[in-house]
Structure formats: structure tokens, C-alpha cells
Number of protein chains: 2
Amino acid sequence: MSRSSPQAPDAQTDALPRQQRTYSIGELARMFEVTPRTIRFYEQEGLLAPSRQGQKRIYREKDRVRLKLTLRGKRLGFSLAEIREVVMMYDAMPDGNARQLKRLLEILADKRANLERQLEDIRLMRMEIDDVDQRAREVLRQLDQEA
Amino acid sequence: MSRSSPQAPDAQTDALPRQQRTYSIGELARMFEVTPRTIRFYEQEGLLAPSRQGQKRIYREKDRVRLKLTLRGKRLGFSLAEIREVVMMYDAMPDGNARQLKRLLEILADKRANLERQLEDIRLMRMEIDDVDQRAREVLRQLDQEA
DNA sequence: GACGAGGTTTACGTTAACGTAAAGTGCTTG
DNA sequence: CAAGCACTTTACGTTAACGTAAACCTCGTC
């Protein structure tokens, strides 16, 4: 709806190279189908750190990516604390202290193991679902024939 | 420790065919590394329905399987409510009402879609982890060389 | 017969991850 | 300039999934 007038003199157009675009909290919220409250909460939990322009939060590409990663992590059942652990260490990497780096590698190995287990869980659950599905269809067919 | 005396006159031995074995709440808890409280909670939430012998809960093979499925679901980030939804409908299947069965098929399709998305999420997250891992190792190598 | 290892119920506490409501700021639009 | 958005902060509320504590039974055993 805000896109009604042609040649709007807005600062942002979709034509801008991604790296320079900025987003409002509402835009991000709609993009990812979460509420602004959720985004502010993630900031409070140290997962996002948007800059400000007066009072308003300004999100850049980097923030958008972080949010995306965070939500992906959530879908996989990770806690915000776990996600933060990786994200923050990733940021601390460049000036990396060796001990920190090794710790990061440990964490990553951990997450990877976790993912592998999830893959196996998915495989098994898929089989079970297929099985139940099969049975349900058969029962349905019988009901149809009786009728 | 309760396995100390040979030829214990217990009702249960590991030699029994699985289908006839029964388990105490403590046994199950240890098997799956959860607390008895968790198992009681799942019962209260309608996910388990052990029989009783006096006051004590007696778990059979079926209950064990259910617990296993429940915990697997949890690892994949499903809520107990979602898990119950499937488990209960599965039980209601035999005397299945056609509408219920169709509903079950819907739910199953839903879960399956969910799993597929998770697979994709895992794939992506794996790549990112590998990437971060790579970078971390490189930084470490540089640090080693400088020293 | 005291006691320790398991089990039981009841009930209140806790944590994570937001939801929701209230009250204020700042722009631009009829 | 009033009205309406989109944003802000503050703060209390809510839900899921258990944890924890107290107080009680019931065995086999020392």
C-alpha cells in the first residue's frame, strides 16, 4: 500500500544493492512472519544489534541474515542461548584468541553431531509416518467398499 | 545392584520376550535418561497410560515405544500437544470413523512437510557450520605460524 | 523394628520465549 | 491541527515442560 505512488522519493527502493539496503523493524517482521516484539526480544538477548537513527532501529543486511539464521535455528529446536553462543563467537573470530577458536570448533562439532542425530530422527519418524499413513489409507478403502 | 544374586526369583529377566517384559518407572527413566517426573508428566498429558499394580505404575512394551517416539518428537522440536495429536489418533484408528481418518492423513501430511523443511534447514545449517569451521581453522593456522 | 531404596500424590517454583497493554514520540496527510 | 501510522519503552501476563520439595506407602534386609 505504501508502494502506491510512482517514483516515491523514499530513501529505499528495492533496486538498491542488498548490502546498502536498510530495513525497519516492521519490514523485517513481515519478511519473516514474526512480530516486532520477537525481533526486539532477540536484540535484548544479544542476537541482534541494529544501529539507531534517533530512536528508531535501523537494520542492515547483516542483521537480516542473523535473524534468518536465528529463526532457522529455532525451527530446528535450538534455544536462543545456543544460537547466541555460535553467533557471538563467530563475530569474535577475526581477533581470535586461540582458546576461543578451539572452543568454537568444539561447539561447532557439537552442533554438527546434533544435526546428524536429527537427520536420523527424521529418517525414522518419516518411516513411521509413512507406515501410519499406509494403514489409515487401507482402513479408509475398506470403509469405502463396505458402503 | 538389584541384579546381584544369581537366580533371582524376580518376575522379570532380560531373557523374557520383549512383548511380555514390564518396566518400572525408574527403569524406563534410566533407559532414556529422563527423570521419573518427566514420565509421570507425559502420562498426565495423555501420552502414556501404564497399568497399575496396586499403586505402582507398570509399563509394557507399548508404553516404552510410545515414550521413545515422544522423545524423538521432542528432539525434533515438536510440542507434546502435537505428538499427542498423532499418537492418540493412531490409537483411535482401528475403529476409524472416516472423517477422523481423513483428519489423521491431513495431520500426517503436515508433519511430513515439517520434516522436509527441517531437512532443508539442516542442509543449510550444515553448510554454514562447515564454513565457519573452515574459517576458524584458517585463523588458527595463521596464529600457529606467527608463533 | 528401624531403615534405605524405590515408588506414590500434591503442590508450588522456575525458565524460555515471547504476548499484550499502556503511554509516549515523530512524521505526513486530509 | 487532528488523526493515523509506525515506531519507541516499560512492565506485567502467559504457556509449556518440567524441577523440587514435602509427606506418605511398601517392600526386603540388617
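In what follows, every heavy atom counts, from backbone to side chain, and hydrogens, waters and symmetry copies are set aside. Lettering follows sequence order; numbering is per chain, from 1.
- Arg84(A) contributes no side-chain N or O that, together with a main-chain N or O of Gly46(A), makes up a donor-acceptor pair within less than 3.5 Å.
- Judged by distance alone, the side chain of Glu45(B) and the main-chain N or O of Leu80(B) form no donor-acceptor pair under 3.5 Å.
- In this structure, the separation between OG1 on Thr38(A) and CG on Leu28(A) is 12.0 Å, given to the nearest 0.5 Å.
- One interatomic measurement links the two molecules: CD1 of Ile83(A) to P of dA16(C), which rounds to 14 Å at whole-angstrom precision.
- If you measure from atom CD1 of Ile58(B) to atom P of dT8(C), you get 9 Å, rounded to the nearest angstrom.
- Side-chain atoms of Arg52(B) lie closest to dT9(C) of the nucleotides dT9(C), dA17(D), dC7(D).
- We find that Arg64(A) and Glu61(A) are joined by a salt bridge, their nearest charged nitrogen and carboxylate oxygen being less than 4.0 Å apart.
- Nearer the 5' end of DNA chain C, as judged by each residue's closest nucleotide, is the contact made by Tyr42(A), out of Tyr42(A) and Lys56(A).
- For Arg40(A) and dT8(D), the shortest distance from a side-chain N or O to OP1 or OP2 is below 4.0 Å.
- The phosphate of dG19(C) has OP1 or OP2 within less than 4.0 Å of a side-chain N or O from Thr35(A).
- Out of dT9(C), dA17(D), dC7(D), the shortest distance to the side chain of Leu80(B) is found at dA17(D).
- Under 4.0 angstrom from either OP1 or OP2 of dG19(C) there lies at least one side-chain N or O belonging to Thr38(A).
- At whole-Å resolution of the value, CD in Glu27(B) and P in dG6(C) are 11 Å apart.
- Look at NZ on Lys74(A): it is 12 Å from C1' on dA16(D), rounded to the nearest Å.
- The CD-P distance, from Gln44(A) to dT15(C), rounds to 16 Å in whole Å.
- Residue Ser24(A) places no side-chain N or O under 4.0 Å from the OP1 or OP2 atom of dA6(D).
- Atom-to-atom, CD of Gln55(B) to P of dT8(C) comes out at 8 Å; the value is rounded to the nearest Å.
- In this structure, of dA17(D), dC7(D), dC18(C), it is dC7(D) that holds the atom nearest to the side chain of Ile25(A).
- Not one side-chain nitrogen or oxygen of Arg37(B) sits closer than 4.0 Å to the OP1 or OP2 atom of dT20(D).
- Annotation: side chain of Asp130(B) is in contact with side chain of Arg112(A) (closest heavy-atom distance under 4.5 Å).
- In this structure, CG of Leu71(B) is placed 13 Å from C1' of dA17(D), rounded to the nearest angstrom.
- Rounded to an integer number of Å, the gap from CD of Gln53(A) to C1' of dT8(D) is 14 Å.
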